[in-house]
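Encoded as structure tokens, the structure appears first; notes follow it.
In the text below, chain A, chain B and the rest are named by the order of the sequence lines, each starting its count at 1.
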Protein chains: 2
Amino acid sequence: MSTRRETVRQALTGSTGFRSAQDLYADLRAEGSKIGLTTVYRALQALSETGEVDVLRTNEGEAVYRACDTEQHHHHLVCRVCSTAVEIEGPAVEAWATEVGTRYGFTGVTHTVEVFGTCASCASR
Amino acid sequence: MSTRRETVRQALTGSTGFRSAQDLYADLRAEGSKIGLTTVYRALQALSETGEVDVLRTNEGEAVYRACDTEQHHHHLVCRVCSTAVEIEGPAVEAWATEVGTRYGFTGVTHTVEVFGTCASCASR
DNA sequence: GGGAAAATGAAAACGATTGTCAAAACGCGT
DNA sequence: ACGCGTTTTGACAATCGTTTTCATTTTCCC
Ligand SMILES: [Zn+2]
Ligand SMILES: [Zn+2]
Ligand SMILES: [Zn+2]
Ligand SMILES: [Zn+2]
């Protein structure tokens, strides 16, 4: 529980959307922190390994992170414009994924599901 | 319809799994082709733009491609070990995704869904 | 065949991420 | 407050996938 990791966690918690390591670094530096980029990467890696933050990849291959309200399994509805995200659930999807996996003889079935769109506030601009 | 693009398309079609640009480049060179890495990237980009091949990102951020049997909207069940993939459908998921999107006021709703697991042949080893 | 336009590939540039390593901060027994 | 071994930090270099640049080669059409 280093103070730096806590700093990064809070920077993430302060945002409702997914943020990249470089975004967070820029934010922290802007508000006066002397944190290094390497440390931001390390903190995000640690936080995602413990499941405290969620990670996903943009179409460009960049990793973006989010400190969600729950650590339970869930998915996201993400705004393509501002990257704001809403946590969503889909019991039917969970069941379908494991069912289709086992149907084809796959074991250890997991899945990734993300829903994208333009949020109401971004649409009205 | 350059001959190089066709070469790349066939290299992809010859595989049942998702392959990276570098994989395909290595394969093609191994079988004697004098193709350049840049051209492989360009071909894959063109093929994915027209929807002829599907793309997804590995957890490490690498783009991997697959020439699927259909160009219709579908998803994949991918082996984590050998990357072999099966094309799957889930009408319920399609409906759920658009429903949850509009429920939160999002427009232009799309989604990404991938199912992962260990295929039977990889499990028996 | 000749020349404009498209395709090609080697090498350089790029951007995100990771590795290196010495300096700084910390924990703890004294 | 003081050493001192351990952990954390951050500047910088290195890596890796991908894109850009640009000169050369191929294709296409007359
Ligand atoms: Zn938005
Ligand atoms: Zn799920
Ligand atoms: Zn397999
Ligand atoms: Zn779908």
message: Salt bridge check, A:Arg19 against A:Glu62: does any charged N sit closer than 4.0 Å to a carboxylate O?
response: no

- prompt: Is the closest basic N to carboxylate O distance between B:Glu52 and B:Arg9 below 4.0 Å?
  reply: yes

- prompt: With distance as the sole criterion, is a donor-acceptor pair present between the side chains of A:Arg80 and B:Thr110 under 3.5 Å?
  reply: yes

task: Please check if any side-chain donor atom of B:Glu94 sits under 3.5 Å from a side-chain acceptor atom of B:His111, or the reverse.
output: yes

query: What parts of residues 25-43 of chain B reach DNA chain D, counting only heavy atoms under 4.0 Å away?
result: B:Thr38, B:Tyr41, B:Arg42

message: Under 4.0 Å, heavy atom to any atom of DNA chain D: which of residues 54-66 of chain A qualify?
response: none

Please state how far atom [atom1] in [X] lies from atom [atom2] in [N], giving the value in whole angstrom units.
{"X": "A:Glu6", "N": "D:dT7", "atom1": "CD", "atom2": "P", "answer": "20 Å"}
{"X": "A:Arg19", "N": "C:dA16", "atom1": "CZ", "atom2": "P", "answer": "14 Å"}
{"X": "A:Leu44", "N": "C:dT18", "atom1": "CG", "atom2": "P", "answer": "10 Å"}

query: Which of these, A:Leu56, A:Val78, A:Val55, A:Thr16, sits in a side chain to side chain contact (heavy atoms under 4.5 Å, CB included) with A:Arg66?
result: A:Thr16

- prompt: Which of these nucleotides, C:dT17, D:dT18, D:dT9, is closest to any side-chain atom of A:Arg4?
  reply: D:dT9

message: Measuring only between side-chain heavy atoms, which start at C-beta, is B:His76 closer than 4.5 Å to B:Val115?
response: no

- prompt: Step by step, would you call B:Tyr65 with B:Leu12 a side-chain contact (heavy atoms from CB on, under 4.5 Å)?
  reply: CA-CA 8 Å; B:Tyr65 305 82; B:Leu12 248 194; 3.9 Å; yes

query: Would one find a side-chain N or O of A:Gln22 under 4.0 angstrom from OP1 or OP2 of C:dG15?
result: no

query: If you draw a 6.0 Å radius around CD in A:Glu87, do more than 12 non-hydrogen atoms from other residues or ligands fall strictly inside?
result: yes

